[in-house]
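Structure first, commentary second.
Note that the structure is predicted; figures quoted are calculated from it, not measured. Proteins come first, then strands; the chains are lettered A, B, ... in the order of their sequence lines, and each starts at number 1.
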Number of protein chains: 2
Amino acid sequence: MAVVFSRACEYALRGLIVMAKAKDREVWRVPDVAEESNSPAPFLAKTFQQLVKGGILNSSKGRRGGFSFARPIDEIFLIDIVNILDGQRLTYDCALGMPDCHDENPCPFHVHWRRIRQPLIDALSEESLAQMAKK
Amino acid sequence: MAVVFSRACEYALRGLIVMAKAKDREVWRVPDVAEESNSPAPFLAKTFQQLVKGGILNSSKGRRGGFSFARPIDEIFLIDIVNILDGQRLTYDCALGMPDCHDENPCPFHVHWRRIRQPLIDALSEESLAQMAKK
DNA sequence: ACAAAAAAAGACAAAAGTATCTAAAAGTCC
DNA sequence: GGACTTTTAGATACTTTTGTCTTTTTTTGT
């Protein structure tokens with residue numbers, strides 16, 4: 001088990017940040033992103049396909065092909081990527097795995113988890129790839 | 001992938017809270033805890049064995065046997081359980097999976113994760129099973 | 001002593017997540 | 001058009017986690 005994101009999401013975030021950092025380069029081949037982000041290339045390729053479907057990336061085949069951002073990187077927020085790859089697990093589900101836990105019927109840890117999850121959602125929602133690339 | 005804790009940890013926390021809620025009952029059989037916490041009994045049994053080794057629970061075999069708390073439930077904190085079952089994953093590792101990420105060499109998400117992880121550690125450290133049982 | 005009941009331990013099975021490989025489709029360059 | 005390059009898609013394999021089953025050990029009650 002990874003820390004907070006799935007491995008796929010970790011690799012994607014790392015890869016996208018690498019891409020975002022290189023302002024001059026527009027199109028990236030998977031092996032290059034994989035190498036620079038220390039991710040397994042075939043697995044990252046699969047993940048990037050999901051991001052294409054999710055509207056984060058564009059892809060083009062052939063000799064000068066590769067992946068590029070589908071919109072400006074200051075309009076791509078971490079939450080967009082996490083939602084596509086990890087779904088609502090982190091942003092919605094009960095930390096103790098109780099299926100009918102919600103605000104009106106909270107599990108014993110609900111109030112704590114809410115207090116922690118919200119700042120996480122806020123950070124992911126406010127932080128763009130452009131900002132991440134500056135660090 | 002579970003939300004923040006492993007499944008084993010989720011089941012354990014739920015089970016221990018069930019036990020903590022019943023102030024009159026001292027010794028619990030695994031099938032009873034499993035039933036009341038909606039956990040798979042054999043898996044929970046394994047997990048409870050880890051908690052015995054970790055000093056959270058006592059166990060006794062035989063006819064009147066079962067599991068009981070090794071110390072008062074207001075001295076058992078959630079962090080104790082999480083540390084035994086999930087290790088330092090949540091409390092130490094890099095959110096982006098970068099092996100040499102730390103305060104002096106932070107990954108781009110480091111400062112955010114730090115701000116989120118610390119309140120989580122605090123909550124887990126301050127909240128005892130006794131307090132959880134009251135909710 | 002004996003039978004029953006419980007945890008302990010280890011083997012085993014299933015599921016999910018992670019990772020690789022191969023063939024196909026599509027685009028580029030000559 | 002043909003060789004090459006890249007993503008796409010699907011199959012496959014590996015690993016970890018989750019879950020079950022069986023046997024053994026220990027204790028209790030009769």
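- Side-chain N/O atoms of B/S6 and B/D86 include a donor and acceptor closer than 3.5 Å.
- Here C/dA16 presents its P atom at 10 Å from CZ of B/R7, a figure rounded to the nearest Å.
- A/R64 has no carboxylate O lying under 4.0 Å from a charged side-chain N of A/E26, or vice versa, which leaves the two without a salt bridge.
- Rounded to an integer number of Å, the gap from NZ of A/K46 to P of D/dT6 is 18 Å.
- The separation between A/F43 atom CZ and D/dT7 atom P is 17 Å, rounded to whole Å.
- Nucleic acid contact for B/V52: none, since no nucleic acid atom lies under 4.0 Å from a heavy atom of the residue.
- The distance from atom CG of A/L51 to atom P of D/dT8 is 11 Å, rounded to the nearest whole Å.
- Within the 4.0 Å cut-off from OP1 or OP2 of C/dA8, at least one side-chain nitrogen or oxygen of B/S59 is found.
- The A/K61 side chain lies nearest to D/dT7 when the options are D/dT26, C/dT20, D/dT7.
- Whole-Å rounding puts the A/R63 CZ to D/dA3 P distance at 13 Å.
- Side-chain polar atoms of B/T91 and B/Q88 form no donor-acceptor pair below 3.5 angstrom.
- Contacts of A/P40 with the nucleic acid, taken as non-hydrogen atoms under 4.0 Å apart, involve only primed sugar atoms and P, OP1 or OP2.
- The distance from atom CG of A/L57 to atom C1' of D/dT8 is 15 Å, rounded to the nearest whole Å.
- Contacts of A/F67 with the nucleic acid, taken as non-hydrogen atoms under 4.0 Å apart, involve only primed sugar atoms and P, OP1 or OP2.
- A sub-4.0 Å separation between OP1 or OP2 of C/dA19 and a side-chain N or O of A/Y11 is present.
- Geometrically, A/R115 does not engage A/W113 in a cation-pi contact defined by less than 6.0 Å to the ring centre and at most 45° from the axis.
- A/H110 and A/N105 share no side-chain donor-acceptor pair at under 3.5 Å.
- With rounding to whole Å, B/N38 atom CG is found 16 Å from D/dG19 atom C1'.
- Atoms CZ (B/R29) and P (C/dA8) sit 14 Å apart, rounded to a whole Å.
- If A/G62 and A/F5 are placed on DNA chain C by their nearest nucleotide, the residue sitting closer to the 5' end is A/F5.
- Nearer the 5' end of DNA chain D, as judged by each residue's closest nucleotide, is the contact made by A/R64, out of B/G65 and A/R64.
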